[in-house]
There are 2 protein chains.
Amino acid sequence: MTQPDAGGGARRGDTRARALAVALRMFAERGYANTSLREIADRLGVTKAALYFHYRSKDDLLAAILREYVDDLGDLLDDAAHRPASPATCEWLLCELAQQRGRWGSDLLRLIRQNYAEISRLPVVADMRQAHRRLLLALSGPGADLAGRVRAQAALVALEGPVLLPGDDDDEQATRAAALAVALEIVRARP
Amino acid sequence: MTQPDAGGGARRGDTRARALAVALRMFAERGYANTSLREIADRLGVTKAALYFHYRSKDDLLAAILREYVDDLGDLLDDAAHRPASPATCEWLLCELAQQRGRWGSDLLRLIRQNYAEISRLPVVADMRQAHRRLLLALSGPGADLAGRVRAQAALVALEGPVLLPGDDDDEQATRAAALAVALEIVRARP
DNA sequence: GTCTATACCGAGATAGAC
DNA sequence: GTCTATCTCGGTATAGAC
């Protein structure tokens, strides 16, 4: 799996998009600081300089990945904003979130959680934090107290908890479903 | 706060211990990869070479911090192992864990969570993972199924969830108490 | 046990040809 | 769009005096 272009598909013109996918995987697996542009370029089958044509810097490459994430999350939050603020909406949001994260795969979440020290230097982090605030607000309701916000936060991390658990050999689908069930439980236990 | 030795205390002979505390704080605040040994030495009031006398490498310094953590956690787990496997023990463990983390402060947890990509290269990570497994086992019970383990994991992350929430201006004590309450709720909801 | 000075290396980034 | 070649900088790590 060391040779370039394991996908075997088209090689010309899609470097920009392929770079995003490859970088995401490598950043998630090996860490942002421990992954050099040279390694990314190698696996991509191009040179470092080619990467610099598409992205102005290494940070820029990381930011591009994260921007996809916040945009997608923002769309979901917009949908949620058009619904009435109710427990039903809250549960609907958790389900949608679980689905969305299933589509994203675990790499993106691991990238964010395990490299947050680097990410927090980037400008995109402001948008990420705002999205997180909106998420908490939607989950806990408009005038929630401290306990309510902590509960919402707990439901959120419960949802992604299993993703961060390394090396358990359970079925991924089943684990995700169990996590969603627990997250729903948490918000339902709200007095 | 830029000048060395803000503590104002003894300066000779305790470099090794002070280095641990200073490094912990800086690694947590600025990130492991973004903190150079030169910066640590400066704030410590010594030179880089002095650091290398006490710790063989930057990784070694980080590992020493983490080893304190795993040892302390291991002691707690040993205590738990001497108690009967019951829901009461499980709740007791959660409370002790919350207390212990209060003593450690938020820096250590943030260091681990936000720099896990770097940490996972170190040998100590094996002990950390084992401690985590023991923790999950103690919380979920001996023969727990998938749902039980996910629930235990959720309780764990719920406990540290608020620590990872940046910039909320709530009272730290109250937030910690609320997190513990939610974590207890989660394990109590176990069927 | 702590310092000065320096070697060394790999990283990100750029220039300019093709 | 992609290459080769090169630059620069900051990092870790070491040698040896005090």
Side-chain angles (χ1 to χ4, degrees), chain A residues 2-5 7 9-24 26-27 29-66 111 115 117-124, chain B residues 2-5 7 9-24 26-27 29-66 115 117-119 121-124:
Chain A
T2 309
Q3 72 263 35
D5 192 33
R11 286 285 305 278
R12 278 286 181 279
D14 59 344
T15 300
R16 185 181 175 86
R18 285 172 57 235
L20 277 187
V22 168
L24 166 59
M26 295 192 75
F27 287 161
E29 281 179 355
R30 312 160 50 101
Y32 179 70
N34 300 322
T35 306
S36 70
L37 290 182
R38 163 129 158 52
E39 292 169 310
I40 296 178
D42 280 357
R43 183 170 296 194
L44 214 48
V46 299
T47 61
K48 252 194 322 178
L51 273 183
Y52 273 100
F53 174 81
H54 293 286
Y55 300 97
R56 280 205 308 279
S57 70
K58 190 186 180 185
D59 280 358
D60 199 39
L61 179 55
L62 174 58
I65 295 174
L66 297 176
L111 169 61
N115 298 274
E118 334 275 345
I119 291 175
S120 48
R121 294 173 318 157
L122 306 180
V124 269
Chain B
T2 310
Q3 73 260 37
D5 194 31
R11 287 284 304 281
R12 278 287 179 279
D14 59 343
T15 300
R16 185 182 173 86
R18 285 171 58 235
L20 276 187
V22 168
L24 166 58
M26 296 192 73
F27 287 162
E29 280 178 357
R30 313 161 47 103
Y32 179 71
N34 301 320
T35 305
S36 70
L37 289 183
R38 166 135 159 50
E39 292 169 309
I40 296 177
D42 280 357
R43 181 170 299 193
L44 214 47
V46 300
T47 60
K48 262 192 312 179
L51 274 183
Y52 273 101
F53 173 80
H54 292 288
Y55 300 97
R56 280 203 310 278
S57 69
K58 191 185 179 186
D59 280 358
D60 199 38
L61 180 54
L62 175 58
I65 296 174
L66 297 176
N115 298 274
E118 333 275 344
I119 291 175
R121 293 173 318 156
L122 305 180
V124 270

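All heavy atoms count here, side chains included; hydrogens, waters and symmetry mates do not. Sequence lines set the chain letters: A, B, ... in the order given, protein chains first and strands last, and positions in each chain run from 1.
Nucleic acid contact for A/Ser36: sugar-phosphate only, since backbone atoms but no base atoms lie under 4.0 Å from a heavy atom of the residue.
Environment of CZ in B/Arg56: sparse, with no more than 12 heavy atoms of neighbouring residues, nucleotides or ligands closer than 6.0 Å.
Atom OH of A/Tyr52 is separated from atom P of D/dT4 by 16 Å (rounded to the nearest Å). Taking atom CZ on A/Arg18 and atom C1' on D/dG1, their separation rounds to 13 Å, with Å as the unit. For the pair A/Asp59 CG and C/dA13 C1', the interatomic distance rounds to 12 Å; values are reported in whole Å.
Terminal axes of the helix from C/dG1-D/dC18 to C/dC18-D/dG1 (five pairs each, C1' rotation axis) are separated by 10°, to the nearest 10°.
The two residues B/Thr35 and B/Gly31 make their nearest non-hydrogen contact at OG1-O, 2.7 Å. Summarising the geometry of B/Ala19 relative to B/Leu51, their closest heavy-atom pair is CB-CD2, 3.9 Å, with the distance given to 0.1 Å.
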Evaluation steps, side chain to side chain contact (heavy atoms under 4.5 Å, CB included), between A/Asp59 and A/Tyr32: CA-CA 9 Å; A/Asp59 280 358; A/Tyr32 179 70; 2.5 Å; yes
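Nearest nucleotide to the side chain of A/Leu37, out of C/dT6, D/dT2, C/dA13: C/dA13. Taking the side chain of A/Ala49 as heavy atoms from C-beta on, and the options C/dT14, C/dT2, C/dG12, the nearest nucleotide is C/dT14. For A/Ser57, counting side-chain heavy atoms from C-beta on, the closest listed nucleotide (D/dT14, C/dA13, D/dT4) is C/dA13.
In this model, the phosphate group of C/dC3 is approached by a side-chain N or O of B/Thr47 to a distance below 4.0 Å at OP1 or OP2. Contact between the side-chain N/O atoms of B/Thr15 and the OP1/OP2 oxygens of C/dT2 is found at a separation under 4.0 Å.
In this model, no side-chain donor or acceptor of B/Lys58 finds a partner on the base of D/dG11 within 3.5 Å.
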